[in-house]
Amino acid sequence: MIRYLTAGESHGIACSTIIEGVPSGICVQKKDIEMDLIRRQAGYCRGWRQAVEKNELHVTAGVHNAMTTGAPINIMIYNTEGVHNPVWRNAIGAYPEEIENSDVTYDEAVNEKFRSVFIPGHADLPGIIKYRHECNNLRFVSDRASARETITRVTVGTIAKQFLAEFGISVLSYVTQMGNAKMEGNRDVKISDGIIEKVKFIDNQIINNFRATCKLIEERSLTIFDVPTKTQSENRKQIINILNENLAKLSDCEKVKCPNEAAAKAMVAEIDEARKEGDTVGGVIKIVAANLPPGLGSYVHCDKRLGSKIASSILGIPAVKGVEFGKGFDVANMRGSELHDPITMNGEDFFQRKTNNAGGLEGGMTNSEPLIVNVAIKPISMISKKAIQTVDIKTGEETAKTSGERADVSAIPSATVIGESIVAIEIANAIIEKFGGDQIDEIKENFKNYISYVTEFYKNIKSKKA
Ligand SMILES: Cc1cc2nc3c(=O)[nH]c(=O)nc-3n(C[C@H](O)[C@H](O)[C@H](O)COP(=O)(O)O)c2cc1C
C-alpha cells in the first residue's frame, strides 16, 4: 500500500513528502512531476503569487536513475520565495535567529506578517483554539491549513499515474462548473468522444504558457521573490505584467481548463466579474479514470469499498464540500428501472453496459466502466474587496475587514490536478492490494493472469448463448 505523510507551510522554505510502499521498477521522470506541479500552479484564476513563487523539486531518496527502488521516496519542494525572503523566514521559520544579512529584524517580520482577524471559512477560529497559539497570530494556523500543502499530494499522484500507466489505466480531470457558468451536461456520466485528447491538449498549452512566462522573467533578470524594496516592488509589477500578457494568449478553454468552448467563455466572464468585484468563485470538477478492470475495491467490508476510500481522500482536499459518483445526488430523482445500468453480452471481451449511471462502481468495486467522480469546491475564503463580518482576536472588536492577502479568485482549475492525483493514488492502492508484489513486473504478471481469467469467464458465459 502506498502511504505518505506530508509537512510544510504555505510560506515556509519547503513542503516535503515521504512516500512508502511504491513498488520498485516504476519510471518517474523529474519532468513528469514538474509538469503536474505547473498544472496545479498556473492558471487564469490564480493570484499574482504564482508569478513570484517558484517550486524547486528535489527527489532525494527511493528513486535511482529515474526508477523507483522500492525504498521510501523522499520529495522536497522548495518554495524559492520562502527560501530567499527574510521576512517570511523570520516571521514563520523554525530558527529565525539563524538568518544572516537580513535588514529586517525578527520583531519587524513577525509584526508585518501578523494576522489577528479571523477569516470566515478558513481554519483560523477553531485552529487557534485547538492548538492554543497564545501569541494570537492566526498565521500559524492558516499557513498549514493552506492548500499549498496539496503540492505534496500532486507529487504522489504523479508517481501513482506512472504506475497506473503500466496497466493502461489513465486518470484525467477538467472543470465542469464555475460559479453559475456550467458546461452543458456537466453532471453527465457519458464521456464524449475526443475529450481525453482535448484535455491533454489544454494541459500542454497551460504548461507551455507557464514556461514561456518563466523564461521571460529569467531573460529580464527579474528576481522572483518578494523582498519589500523599491526595486523588488518594481520587479514584481513587471513580472505580473508578463504573467497577465501571457495568460491573455490562452484560449478560454485553456484559461479555465474546461473542454467546452461556450462554457469556458462563460466561466472566464464569471472570473473577470468576480475579480472586478474583489470576490471569489466556487465550482465543480470532474475526474475520470478509464480502462479499469472489474473487481478493484471490495464489498466485504465498509473500509474496503473503493468509493469510500476515494470519497474520504477527496474530502481531505481543502475547500472540497461534496463528492458524487456517477449520477450522484440525481439518483434520488430517478426510478430504479431508469437508473441501473443494463448489462448486455454485446462486448467482445467483457459485458457491455448500456449506460454508466453508477459511475463505474457497484458494491464498492469497479465494474470496468469508467470511474466518474464529480467534486464540489467552495469559493475561496480570502476575499480581496468584499468584506464579511468577523472578529479581531487581539482586540475583541467586531470588524468587516477584507482578507485578500495573495488571494486567488478561484481554486477550481488547480483543484482538478489535486483531485486527479487523489483518485490515481486510491486506484493504485486498489491494484497493489489485489495484485500484490513488490516489483512492477511481478504485479503486472498477476494482473495479466487476472485479465485472462476475466476474459475466459466472459467467454464461457457467451458460449452458453445459443
Ligand atoms: C488549490 C487551492 C487553492 C486555494 N487557495 C486559497 C486561497 O488563496 N485563499 C483561501 O482563503 N483559501 C484557499 N483555498 C482553500 C483553503 O485552503 C480552505 O478553504 C481552508 O483550508 C479551510 O478548509 P475548508 O474549506 O475545507 O473548511 C484553496 C484551496 C485549494 C484546493
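The shown structure was predicted, so the numbers you read here are calculated from the model rather than taken from an experiment. Hydrogens, waters and symmetry mates play no part in the numbers below; they use all other heavy atoms, side chains included.
By the 30° and 60° cut-offs, the orientation of the rings of Phe350 relative to Tyr458 is tilted. Under the 30°/60° scheme for interplanar angles, the aromatic rings of His11 and Trp88 are found to lie parallel.
For the pair Arg115 (side chain) and Val117 (backbone), a donor-acceptor distance under 3.5 Å is present. Using modelled atom types, one side-chain atom of Thr344 and one backbone atom of Gln352 make a donor-acceptor pair closer than 3.5 Å. Looking only at distances, no side-chain donor or acceptor of Ser308 sits under 3.5 Å from a matching main-chain atom of Asp303. Between the side chain of Glu338 and the main chain of Arg335, a donor-acceptor pair closer than 3.5 Å is present. The backbone N or O of Lys286 lies less than 3.5 Å from no partner atom in the side chain of Thr416, so there is not a single donor-acceptor pair. In this structure, the side chain of Thr280 engages the main chain of Ile380 through a donor-acceptor pair within 3.5 Å. Remark: side-chain polar atoms of Lys255 are not paired, donor with acceptor, to backbone N or O of Cys45 under 3.5 angstrom. Proximity of a side-chain donor or acceptor of Arg153 to a complementary backbone N or O of Ile422 within less than 3.5 Å is not detected. Proximity of a side-chain donor or acceptor of Asn260 to a complementary backbone N or O of Ala262 within less than 3.5 Å is detected. Checking side-chain atoms of Asn209 against main-chain N and O of Asn246 turns up a donor-acceptor pair under 3.5 Å.
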Ile461 and Phe351: side-chain contact (heavy atoms from CB on, under 4.5 Å), yes or no, with the steps?
CA-CA 10 Å; Ile461 297 180; Phe351 306 94; 3.8 Å; yes

Test Glu149 against Arg144 for side-chain contact (heavy atoms from CB on, under 4.5 Å), laying out the working first.
CA-CA 7 Å; Glu149 178 272 345; Arg144 177 60 184 164; 3.3 Å; yes

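A salt bridge links Lys257 to Asp203: one of the charged nitrogens lies within less than 4.0 Å of a carboxylate oxygen. We find that Asp252 and Lys265 are not joined by a salt bridge, their nearest charged nitrogen and carboxylate oxygen being 4.0 Å or further apart. Taking a cutoff of 4.0 Å between a charged side-chain nitrogen and a carboxylate oxygen, Arg353 and Glu362 qualify as a salt bridge. Classification of Glu9 and Arg148 as a salt-bridged pair fails, no side-chain N sitting under 4.0 Å from a carboxylate O. Using a 4.0 Å cut-off between charged nitrogen and carboxylate oxygen, Glu261 and Lys198 count as a salt-bridge pair. With respect to the salt-bridge test (charged N to carboxylate O, under 4.0 angstrom), the residues Arg39 and Asp36 qualify. Ion pairing of Lys161 with Glu420 is present here, as a side-chain N (NZ or NE/NH1/NH2) and a carboxylate O approach within less than 4.0 Å. Checked for salt-bridge contact, Lys309 and Glu426 miss the test: no charged N lies under 4.0 Å from a carboxylate O.
Atom OG of Ser173 and atom CD1 of Ile285 lie 6.0 Å apart (nearest 0.5 Å). Note that the CD1 atom of Ile33 and the CD atom of Gln162 stand 8.5 Å from one another [nearest 0.5 Å]. A distance of 12.0 Å separates CG of Leu315 from CD1 of Ile310, quoted to the nearest 0.5 Å. To the nearest 0.5 Å, atoms OG (Ser16) and CG (Leu5) are separated by 9.5 Å. The line from CD1 of Ile18 to OG1 of Thr6 is 10.5 Å long, rounded to the nearest 0.5 Å. Atom NE2 in His58 sits 6.5 Å away from atom NZ in Lys30 (nearest 0.5 Å).
A 4.5 Å side-chain heavy-atom check between Ile159 and Thr155 finds every atom pair outside the cut-off. Within the 4.5 Å cutoff, the side chain of Pro379 has no heavy atoms near those of the Val281 side chain. Counting only heavy atoms from C-beta outward, the side chains of Lys327 and Leu339 approach each other to under 4.5 Å. With contacts defined as side-chain heavy-atom distances shorter than 4.5 Å, the pair Ile271/Met178 qualifies. Using a 4.5 Å cut-off on side-chain heavy atoms (C-beta onward), Arg211 and Ile38 make contact. Between Tyr453 and Ile451 the shortest side-chain heavy-atom distance does not fall below 4.5 Å.
A side-chain donor-acceptor contact under 3.5 Å links Arg40 and Thr150. Side-chain contact check for Asp124 and His122: no donor-acceptor pair (N or O, by modelled atom type) lies under 3.5 Å. Side-chain atoms of Asp341 and Thr355 form a donor-acceptor pair, as typed in the model, at a separation below 3.5 Å. Between the side chains of Asp272 and Tyr44, at least one donor-acceptor pair of N or O atoms lies under 3.5 Å.
Around the CG atom of Asp193, the shell of radius 6.0 Å holds no more than 12 heavy atoms that belong to other residues, nucleotides or ligands.
Taking each heavy atom of Leu306 and Ala430 in turn, the nearest pair found is CD1-CB, 4.0 Å. Residue Pro259 comes nearest to Val175 through the heavy atom pair CD-O, 4.3 Å, listed as atom of the first residue, atom of the second, then distance. The nearest pair of heavy atoms linking Leu247 to Gly43 is CD1-O, 3.8 Å.
Tyr450 carries Lys434 over the face of its six-membered ring, with the cationic atom under 6.0 Å from the centre and within 45° of the normal.
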